[in-house]
Amino acid sequence: MITTALTFDELAALMKQSAGVTVDPAELEKAPDAPFSTLGVDSLGLLGIVGELENRYGVALPTDAERSKSPADFLALVNGVFQKGA
């Protein structure tokens, strides 16, 4: 059961773990609409993040989750799924 929302801190950790991209969580939070492409995360990196979240929480994310354009879009999508699953 998911009781919390995915945060910018957790997303930054997932970006490093799954996509090999180090980003300061505070910078993500300051510019949540910055495109993933400018942060160095491509669709395969985002797919890795999606896979990790699905494995970690046992919840299926939408098939287009890896097409999210920005951290804000991704967090809104993921947290929307988490809220429905709670």
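Since the structure is predicted, the reported quantities are computational estimates derived from the model, not experimental observations.
- A search for side-chain contact (heavy atoms from CB on, under 4.5 Å) contacts involving T38 returns A34, P35, not counting sequence neighbours.
- Atoms CD1 and CE, from I49 and M15 in turn, are 6.0 Å apart once rounded to the nearest 0.5 Å.
- Within the structure, no pair that satisfies the salt bridge (charged side-chain N to carboxylate O under 4.0 Å, His left out) test touches residues 5-21, not counting sequence neighbours.
- When the side-chain contact (heavy atoms from CB on, under 4.5 Å) test is applied to L75, the partners found at least two apart in sequence or on another chain are L6, F8, L11, N79.
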Discussion item. Using the rule given for side-chain contact (heavy atoms from CB on, under 4.5 Å), can you reason through L14 versus F74, listing the C-alpha separation, both sets of side-chain angles and the distance that settles it, and then say yes or no?
Written reply: CA-CA 12 Å; L14 284 165; F74 187 74; 5.9 Å; no

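- Remark: the backbone N or O of A65 is paired with a side-chain donor or acceptor of S68 at under 3.5 angstrom.
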Pairs of donor and acceptor atoms involving the side chains of residues 41-48, under 3.5 Å and at least two apart or interchain, shall be tabulated with distances.
residue: D42; atom: OD1; partner: L44; partner atom: N; Å: 3.2
residue: D42; atom: OD1; partner: G45; partner atom: N; Å: 2.8

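- Scanning for side-chain contact (heavy atoms from CB on, under 4.5 Å) contacts around N55 gives an empty result, with sequence neighbours left out.
- Closest approach of V21 to G40, counting heavy atoms only: CG2-O, 3.2 Å.
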Under 3.5 Å, sequence neighbours excluded: what are the donor-acceptor pairs made by side chains of residues 24-33?
residue: D24; atom: OD1; partner: A26; partner atom: N; Å: 3.0

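- A 4.5 Å side-chain heavy-atom check between L61 and L77 finds every atom pair outside the cut-off.
- For the side-chain hydrogen bond (donor to acceptor under 3.5 Å, both in side chains) test, residues two or more places apart in sequence or in another chain that qualify with R56 are E52.
- Under the rule for a salt bridge (charged side-chain N to carboxylate O under 4.0 Å, His left out), E54 has no partner lying at least two apart in sequence or in another chain.
- Sorted by first and then second residue, the salt bridge (charged side-chain N to carboxylate O under 4.0 Å, His left out) pairs with a member in residues 64-74 form an empty list; sequence neighbours excluded.
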